[in-house]
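Here is the structure we will look at.
Below, each value reflects all heavy atoms present in this structure, side chains not excepted, and no hydrogens, waters or symmetry copies. A, B, ... follow the sequence lines: proteins, then strands. Residue 1 opens every chain.
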There are 2 protein chains.
Amino acid sequence: MEKKSVNSEIDNLDMQILSILMEDATIPYTEIAKKLIVSGGTIHVRMKKMQDLGIIKGSNLVVDPQKIGYDVCAYLGIYLEKGSTYKDAVAKLVKIKEIVELHYTTGAWSMFAKIICRDTNHLREVLNENIQTVEGISRTETFISLEESIKRQINLDL
Amino acid sequence: MEKKSVNSEIDNLDMQILSILMEDATIPYTEIAKKLIVSGGTIHVRMKKMQDLGIIKGSNLVVDPQKIGYDVCAYLGIYLEKGSTYKDAVAKLVKIKEIVELHYTTGAWSMFAKIICRDTNHLREVLNENIQTVEGISRTETFISLEESIKRQINLDL
DNA sequence: GTTGAAAAGTGCTGCGA
DNA sequence: TCGCAGCACTTTTCAAC
């Protein structure tokens with residue numbers, strides 16, 4: 001048998017398939033099959049299994065935000081008031097569509113968000129009119145990204 | 001004529017195509033064509049144009065990191081020593097494959113990184129043995145994500 | 001669980017409007 | 001510039017190993 005991965009449901013072949021498709025999801029199954037020396041049908045079965053298990057959540061088109069008019073990317077440290085629950089805040093923050101990531105974190109802040117806006121005016125609007133008005137949020141700290149140097153997926157070492 | 005977007009090269013139809021494919025890149029062109037009431041060929045032409053313009057950078061498979069043994073996600077604030085250049089640090093940080101995002105930011109830190117590791121031991125290894133040994137990096141501050149509540153693409157309002 | 005091939009559907013290209 | 005139709009390719013399914 002092959003060396004098993006951390007998760008017993010997933011073997012080395014599955015990981016190799018993921019590794020290839022995580023970089024470019026447009027690569028055809030037939031080509032993956034050739035690379036890994038199995039049949040196209042096997043790739044299909046493995047992919048279906050991983051989709052059913054929820055390992056594969058979907059496929060995204062990677063778009064350059066700046067080229068479609070979204071020029072400002074910022075991270076936001078969010079302080080939550082005592083007595084306010086994270087859950088309630090999340091429910092409200094989900095509705096703010098400029099927030100593309102939100103984490104509950106250890107450290108100085110309660111939460112950590114990533115926002116993408118059209119310009120600095122748009123960012124100010126979102127901060128003042130949307131985020132700061134959410135109940136339970138006492139204070140935020142903004143870190144504007146001047147340059148995105150790395151943007152990639154996890155590198156699965158096989 | 002249609003209402004133009006911020007970028008004059010891109011019109012409303014292009015944005016609608018992007019909007020659909022950003023959520024799920026597996027949706028066939030024919031289905032998009034039906035939704036937007038144009039022919040499949042038109043979708044193809046628009047996609048090619050946007051790929052040539054660099055608006056579309058590719059396609060990613062979305063994988064649940066926890067289900068393939070990457071359990072720990074953390075953000076990292078990085079202080080850079082005076083005299084050290086951002087460029088030199090980036091060149092070294094690029095080689096650390098656990099770093100999936102790196103930004104040059106305003107605010108308390110010089111840089112901001114997102115790292116994905118297998119477990120807390122792995123995180124400690126990356127911090128001590130890789131990141132802290134990079135020349136020019138004086139200090140880092142770690143924020144571990146206990147829960148990822150939001151993870152999505154920009155919502156293009158059309 | 002894997003294979004190989006047949007069936008169904010999608011993407012691509014050139015001609016016409 | 002867009003739409004239609006034919007061809008090439010990929011995905012999907014299934015019987016057999």
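One can place CD1 of I32(A) at 11 Å from P of dT10(D), the figure rounded to the nearest angstrom. When rounded to the nearest whole Å, the span between CD1 of I37(A) and P of dG4(C) equals 13 Å. Distance K48(A) NZ to dC14(D) P: 12 Å, rounded to the nearest Å. Counting to the nearest Å, the P atom of dG4(C) and the OH atom of Y29(A) are 19 Å from each other. Counting to the nearest Å, the P atom of dG4(C) and the NZ atom of K34(A) are 14 Å from each other. Between the CG atom of L21(B) and the P atom of dT10(C) there is a distance of 14 Å, given to the nearest Å. In this structure, I43(A) atom CD1 and dT3(C) atom C1' are separated by 12 Å, rounded to whole Å. As rounded to whole Å, 8 Å separates atom P of dC2(D) from atom NZ of K49(B).
Contact between the side-chain N/O atoms of T42(A) and the OP1/OP2 oxygens of dT3(C) is found at a separation under 4.0 Å. Under 4.0 angstrom from either OP1 or OP2 of dG1(C) there lies no side-chain N or O belonging to R46(A). Checking the phosphate oxygens (OP1, OP2) of dT11(D), no side-chain nitrogen or oxygen of H44(A) falls inside 4.0 Å.
Between Y79(B) and W109(B), the two ring planes are perpendicular [angle over 60°; tilted spans 30° to 60°].
Within 4.0 Å of T30(A), counting heavy atoms only, lies at least one base atom of the nucleic acid. Using a 4.0 Å heavy-atom distance criterion, V45(A) is classed as making no nucleic acid contact.
The main-chain N or O of I99(A) is found under 3.5 Å from a side-chain atom of R152(B) such that the two form a donor-acceptor pair.
Distances from the side chain of L13(A) to the nucleotides dG3(D), dT2(C), dT11(D) place dT2(C) closest. The side chain of P28(A) lies closest to dT10(D) when the candidates are dT12(D), dT10(D), dG3(D).
Taking CD1 of I20(A) as the reference point, atom CE of M15(A) lies at 12.5 Å (rounded to 0.5 Å).
Residues F112(B) and Y104(B) keep their aromatic ring centres 6.0 Å or farther apart.
Other residues, nucleotides and ligands contribute more than 12 heavy atoms inside 6.0 Å of the NZ atom of K49(B).
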